[in-house]
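The structure appears below as structure tokens.
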Amino acid sequence: MSEIVWPFDCDTLMRKQKSFKRRILERNNNFLTKKIAILGGSTTADIKNLLEIFLLDEGIKPEFYESEYNKFYEDAVFGNPQLEDFKPEIIIIFTSICNIIDQPKITDSDEIFNLKLENEFTKFKNIWKSLNSKFNAVIIQNNFDVPFSQPEGNILMPHSFGRFVNLLNEKFLNYSEQNSGLYIHDLNRLSSQIGLFKWHNRSQYHAYKFAMNYDIFPEVAWSLKKLICAILGRVKKCLVLDLDNTLWGGVIGDDGLNGIKIGHETPEGEAFTEFQNYVKSLKDRGVILAVASKNYEDTAKSGFTHPDSVLKFDDFVSFKANWEPKNLNISQIAKEINIGLDSLVFIDDNPAERAIIKENLPEVSVPEIDPADVSSYIRAIEGNGYFNTVAISDDDIKRTQTYLQNKQRAELENISGNYDEFLKSLDMQAEISSFKEIYFDRITQLTNKSNQFNLTTKRFTLADIKNISSDKNFITVYCRLKDRFGDNGIISLAIGEISGDELKIILWLMSCRVLKRGVENLMLDHLVKAAKLNRCSKLHGYYFPTKKNLMVRDHYKNFGFELLSSDENNNTEWTLNINNYVTKNKFINVTEE
């Protein structure tokens, strides 16, 4: 259960940082460790301390390097032995408008204005290129907040500082879109959301070199936390929704289809239409939708036949409308979709229902909302960053369709005479190959999301995947699976490191939605083939247990690997002699590259 939920009390967080940290550490002892360097153009100590608390609460234990005050350029471009020894995995360049020294003047000519703009952009390009050449790290760059003053008044003049900032931010964004591994932390939007009079405190800058008001440091650190979690794939997958007074106004069982509030005829209807549009946009970019409503099923379904309903019944992968306790229905939704409870977010206007889920299913995220203000539903989802993303793949866009196809597969399985006949009837076609650049984003996403069928649960950044893919000492494998119902997308990955006559499998994962289809057999076949081509005679496997991956505890044993060692944490190592290996795939037609 999360210790910290937005909106939070910034003052309490600032005063009780140590208390929060202690409680989180007492609650959890299973962390993903990440080395984070903060190269600051202002005083960043409190930002760092708050970011640590927020990341710990997400199960990420940061180790920090913090540059000296305003030494971000020197550390990045000229080098720093301490930073180089630290070997950061994530680098945050924490700059703001305070670090734009050569600001334009309204009286500048076009030539001088553009020269200043290009010089400032070049300075940051040099930073990014230098860091890229030295470190295998993700780079997070603040864009620039909205300036406090606008001496030219209401007119945004061609050579104003405000326009300069806007153009520079646009250059940052365009560069990041062309250079993977660089992510923009949107300080500009955040300063606008908070408000400039609250954001800026020039007296604090002059006295302490705080880039923004000390009171809103928690909001800034929280925003960074959301971006880091998105980069690492620590995001939710499914939005579970109540219906009455959540997706429409009123109670459909009492008010009837024509009596619910939706559409553009009333302010209340407008508010619910806006929320439905928002939910639809989440679904369109890959968030799974489900319903948990206390209602008769036919009555509940009828709400989506309303002519003004943006959402339709087919938008939902799972639909539970009955009179069972909602915690039971939500547990069933997770089981039906085959995802963990910690991947779910639940929105319900009823505080009693929210309390029941918090009490009985603490893994589920349940934000507080204000039923009197439907827009608070959107603020709660976005404020907590549940579904933040840094990239949207074709597989994300097709996710709802994929899960609906899985329902069809399950129905076919139930009516098939035996399981082998079912697998044959799927007419499965696999594309299996080494990692391709076109799939790097999806591959990175999978390594950070997959938990249940993941033997080592190692996490990789986009930079890691690029480096491994170009290193001849590594073998990489992805599998994309299609069948008669549709395209499952990329659903399995493996990375092996060549060491003498062994191929050491440092990553092997698979999406749980294709369990027991024979993909694991196909992957092993391909690993063996690749190992032999590289003159290896053995496979060496690792299993590192977590709370979530117990299902693959006997994976290597079931494939005939011999146990080599086991330690006090139940970490195991396995070996398989492949000289007389017999191919295991029976049901999948393969296209290999």
Side-chain angles (χ1 to χ4, degrees), residues 5-8 189-190 192-195 219 222 226 235-236 238-285 287-295 299-321 326 329-330 333 344-358 364-388 400:
V5 178
W6 187 93
F8 39 72
R189 176 175 170 81
L190 186 62
S192 300
Q193 284 178 324
I194 290 173
E219 294 283 2
W222 183 259
K226 291 192 295 184
V235 293
K236 307 300 180 184
C238 177
L239 179 60
V240 183
L241 296 152
D242 176 46
L243 297 179
D244 295 330
N245 292 310
T246 300
L247 284 183
W248 52 67
V251 179
I252 193 167
D254 296 335
D255 302 324
L257 180 61
N258 295 327
I260 61 174
K261 304 296 190 299
I262 189 77
H264 303 283
E265 301 302 319
T266 65
E268 186 179 5
E270 286 266 15
F272 284 105
T273 296
E274 181 179 47
F275 182 53
Q276 285 205 17
N277 273 311
Y278 178 76
V279 171
K280 180 77 169 181
S281 68
L282 290 178
K283 178 255 179 182
D284 288 344
R285 69 167 179 80
V287 176
I288 306 164
L289 302 184
V291 162
S293 172
K294 284 190 174 176
N295 226 315
T299 303
K301 288 180 179 179
S302 71
F304 298 101
T305 66
H306 193 288
D308 290 322
S309 181
V310 178
L311 293 166
K312 304 301 179 186
F313 175 73
D314 289 343
D315 288 320
F316 298 91
V317 169
S318 183
F319 197 95
K320 305 295 179 188
K326 288 192 178 181
N329 279 328
I330 290 175
I333 287 169
L344 304 180
V345 177
F346 178 56
I347 300 290
D348 193 316
D349 68 294
N350 189 328
E353 296 288 2
R354 296 199 300 270
I356 288 170
I357 303 306
K358 288 179 181 179
V364 177
S365 295
V366 187
E368 286 302 308
I369 57 176
D370 179 7
D373 178 10
V374 179
S375 62
S376 74
Y377 304 177
I378 298 175
R379 288 198 300 271
I381 293 170
E382 294 207 340
N384 283 290
Y386 293 130
F387 304 110
N388 273 20
T400 293

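Ring centroid separation for the pair Phe313 and Phe304 does not come in under the 6.0 Å cut-off.
Taking the charged nitrogens against the carboxylate oxygens, Asp315 and Lys283 do have a contact shorter than 4.0 Å, which makes a salt bridge. A salt bridge does not link Lys226 with Glu382: none of the charged nitrogens is closer than 4.0 Å to a carboxylate oxygen. Look at Asp348 and Lys326 and you find a salt bridge, because one of the NZ, NE, NH1 or NH2 atoms lies within 4.0 Å of a carboxylate O, short of that distance.
Here the shortest heavy-atom pairing between Asn245 and Gly250 reads OD1-N, 2.8 Å. Here the closest non-hydrogen pair linking Lys261 and Thr266 is CD-OG1, 4.4 Å. Across every non-hydrogen atom of Asn384 and Ala380, the tightest pair is ND2-O, 2.9 Å. Between Ala300 and Leu243, the shortest heavy-atom distance links the atoms CB-CD1, 3.6 Å. Summarising the geometry of His264 relative to Thr273, their closest heavy-atom pair is CE1-CG2, 4.0 Å, with the distance given to 0.1 Å. In this structure, Phe319 and Lys301 approach most closely via the heavy-atom pair CE2-CG, 3.8 Å.
Side-chain contact between Ser318 and Val291 is absent, with no heavy atoms from C-beta onward closer than 4.5 Å. A heavy-atom distance below 4.5 Å is found between the side chains of Ile333 and Lys320. Looking only at side-chain heavy atoms (C-beta outward), Val235 and Tyr386 stay at 4.5 Å or farther from each other. Between Leu289 and Leu311, some side-chain heavy-atom pair lies under the 4.5 Å cut-off. Contact of the Ile347 side chain with the Thr246 side chain is registered, since non-hydrogen atoms from C-beta on lie closer than 4.5 Å. Using a 4.5 Å heavy-atom threshold, the side chains of Asp242 and Asn350 count as separate. Between Lys280 and Gln276, the closest side-chain pair of non-hydrogen atoms is not below 4.5 Å.
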Test Ser302 against Ile252 for side-chain contact (heavy atoms from CB on, under 4.5 Å), laying out the working first. CA-CA 9 Å; Ser302 71; Ile252 193 167; 3.5 Å; yes
Please evaluate residues Ile357 and Glu353 with respect to the criterion side-chain contact (heavy atoms from CB on, under 4.5 Å), reporting the C-alpha separation (whole Å), side-chain torsions for both, the decisive distance (0.1 Å), and the verdict. CA-CA 6 Å; Ile357 303 306; Glu353 296 288 2; 5.7 Å; no
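From Ile381, atom CD1 reaches atom CZ of Phe387 across 6.5 Å, with rounding to the nearest 0.5 Å. The distance from the CD1 atom of Ile262 to the CH2 atom of Trp248 is 8.5 Å, given to the nearest 0.5 Å. Asn388 contributes atom CG, which lies 12.0 Å from atom NZ of Lys236 (distance to the nearest 0.5 angstrom). Going from atom SG of Cys238 over to atom CG of Leu282 covers 11.0 Å, rounded to the nearest 0.5 Å. Atom OG of Ser365 sits about 12.5 Å away from atom CZ of Phe346, to the nearest 0.5 Å. Note that CG of Leu241 is 11.0 Å distant from CG of Asp349, once rounded to the nearest 0.5 Å.
Using a 3.5 Å distance cut-off with no hydrogens or angles, the side chains of Asp244 and Asn295 do pair a donor with an acceptor.
The side chain to side chain contact (heavy atoms under 4.5 Å, CB included) test applied to Asp373 returns Asp370, Ser375, Ser376, Arg379, not counting sequence neighbours. For Tyr278, there are no ring pair (Phe, Tyr, Trp, His ring centres under 6.0 Å) partners two or more places apart in sequence or in a different chain. Annotation: side chain to side chain contact (heavy atoms under 4.5 Å, CB included) contacts of Pro7 (sequence neighbours excluded): none.
The 12-atom threshold is not exceeded at CD of Glu274, counting heavy atoms of other residues, nucleotides or ligands nearer than 6.0 Å. Counting non-hydrogen atoms of other residues, nucleotides and ligands closer than 6.0 Å to CD of Glu368 gives a total above 12.
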